Number of protein chains: 2
Amino acid sequence: MSRSNPRVLNTLERAGGFASAQEVYRLMQREGQSIGLTTVYRALQSLVNDKIVDILRREDGEAIYRLCGDGHHHHLVCKGCGDTIEIEGGAVEKWAKSLAEEHGFRDVGHTAEIFGLCSKC
Amino acid sequence: MSRSNPRVLNTLERAGGFASAQEVYRLMQREGQSIGLTTVYRALQSLVNDKIVDILRREDGEAIYRLCGDGHHHHLVCKGCGDTIEIEGGAVEKWAKSLAEEHGFRDVGHTAEIFGLCSKC
DNA sequence: TATGATAATGATAATCATTTTCATTTGTGA
DNA sequence: TCACAAATGAAAATGATTATCATTATCATA
């Protein structure tokens with residue numbers, strides 16, 4: 001029942017490990033890969049089940065899938081052109097962990113994104 | 001131009017200060033209040049602009065509106081029961097601001113939420 | 001009190017991401 | 001080759017949110 005289509009995973013990787021289902025689909029289309037939107041959704045969902053990717057939300061509620069595992073990082077996103085810069089967030093990691101422990105939370109994750117207008121926009 | 005309809009705010013309060021637009025609308029309907037869905041959305045959006053309520057997301061992406069006190073803060077949310085704790089994020093504020101400036105971004109905002117399982121769940 | 005400008009309202013239609021349905025294709029083992 | 005289960009994807013359904021646009025309420029002023 002492993003629907004973790006390798007082409008989808010590969011595309012997500014090449015997208016910087018950070019993209020929505022629609023974006024993965026459009027990217028594959030543009031590259032001439034033949035795939036259906038449904039399959040993209042199913043593959044991504046399967047990757048989430050297998051804990052290979054993480055799911056979080058954009059400001060408008062659209063789901064974005066993120067390769068998780070070792071290199072945990074955050075993003076600086078331009079609201080104008082959508083350009084994204086990956087950044088390290090050491091301070092945030094510690095902040096999140098200590099606060100969660102302080103309140104007796106376990107199995108803790110966090111999201112932290114910065115958005116604004118880049119110099120070009 | 002203040003569209004912060006007081007009936008909507010009042011309903012959100014009575015809903016425990018934590019509900020989606022659809023829920024606020026359905027609640028008002030059930031109570032026999034005559035109001036349109038559009039107005040509910042506009043009123044909630046206006047309350048967000050006025051920083052009277054906060055917007056965050058359910059796991060399925062639906063927006064939930066949340067009465068908040070003054071001041072910018074973040075949330076520690078339980079994935080099990082939905083219980084939410086408001087927290088200060090001094091470290092995060094500085095982190096976001098300095099990183100954004102470093103990359104030449106302006107008009108900057110950020111999100112930072114921590115989620116996990118609380119001690120009860 | 002009329003009048004008119006402006007803001008507020010809400011029914012309806014449009015949008016957009018996501019999920020369901022279902023028929024078809026593909027892979028695999030007998 | 002045959003049969004059968006899993007995978008695929010086109011198209012329709014769903015559900016939240018937003019845009020349109022005509023109508024209605026407000027309110028200052030003539």
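Note on naming: letters A, B, ... go to the chains in the order of the sequence lines (proteins, then strands), and numbering restarts at 1 for each one. Note that the structure is a prediction, hence the values are computed from the model and not measured.
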Q) Just to confirm, is there a sub-4.0 Å distance from OP1 or OP2 of C/dT9 to any side-chain nitrogen or oxygen of B/Asn5? A) yes
**Q.** A/Gln45 CD - D/dA7 C1' separation (whole Å)
**A.** 17 Å
Q: For the pair A/Thr11 (side chain) and A/Arg7 (backbone), establish whether a donor and an acceptor sit closer than 3.5 Å, ignoring hydrogens and angles.
A: yes
Q.
Distance check needed: D/dA16 P versus B/Tyr25 OH, whole Å only.
A. 12 Å
Q: May I ask you to evaluate whether A/Tyr41 reaches the phosphate of C/dT18, defined as a side-chain N or O under 4.0 Å from OP1 or OP2?
A: yes
**Q.** Per-nucleotide protein contact string for nucleotides 19-27 of chain D, where B marks a base within reach and S marks sugar-phosphate only (heavy atoms under 4.0 Å, - for neither)
**A.** B--------
(Q) Considering every strand and a 4.0 Å limit on heavy-atom distances, what is the contact class for A/Gln22: base, sugar-phosphate, or nothing? (A) base
Q | Whole-Å gap separating C1' (D/dA16) and CG (B/Asp60) | A | 9 Å
Q. When you check the side-chain N and O atoms of A/Asp50 and A/Ser4, is any donor under 3.5 Å from an acceptor?
A. yes
Q: Round to a whole Å and report the spacing from CG of B/Leu44 to C1' of D/dT18.
A: 14 Å
Q: May I have the distance from B/Ile55 (atom CD1) to D/dA16 (atom P), rounded to whole angstrom?
A: 14 Å
Q. Can you tell me if A/Gln22 uses its side chain to pair, donor with acceptor, with the backbone of A/Leu37 under 3.5 Å?
A. no
**Q.** A/Gln29 side chain to A/Ile35 backbone, donor-acceptor under 3.5 Å
**A.** yes
Q) Base, sugar-phosphate, or nothing: which does B/Ser34 touch, judged by heavy atoms less than 4.0 Å apart? A) sugar-phosphate
Q | NZ/NE/NH1/NH2 to OD/OE distance under 4.0 Å, B/Asp54 and B/Arg66 | A | no
Q. Does one hydrophobic cluster hold both B/Ile85 and B/Val92, with members joined at side-chain heavy-atom distances below 4.5 Å?
A. yes
Q: Take atom CZ of A/Arg7 and atom P of D/dA7, then tell me their distance rounded to the nearest Å.
A: 14 Å
Q) Any side-chain donor paired with an acceptor under 3.5 Å for B/Gln33 and B/Tyr25? A) no
Q. How is A/Leu37 classified with respect to the nucleic acid when contacts are heavy atoms under 4.0 Å: base, sugar-phosphate, or nothing?
A. base
(Q) If I take atom CD in residue B/Glu59 and atom P in nucleotide C/dT18, what distance separates them, rounded to the nearest angstrom? (A) 14 Å
Q.
Rounding to an integer number of Å, can you tell me how far A/Arg57 CZ sits from C/dC16 C1'?
A. 13 Å
Q. Would one find a side-chain N or O of A/Thr39 under 4.0 angstrom from OP1 or OP2 of D/dG9?
A. yes
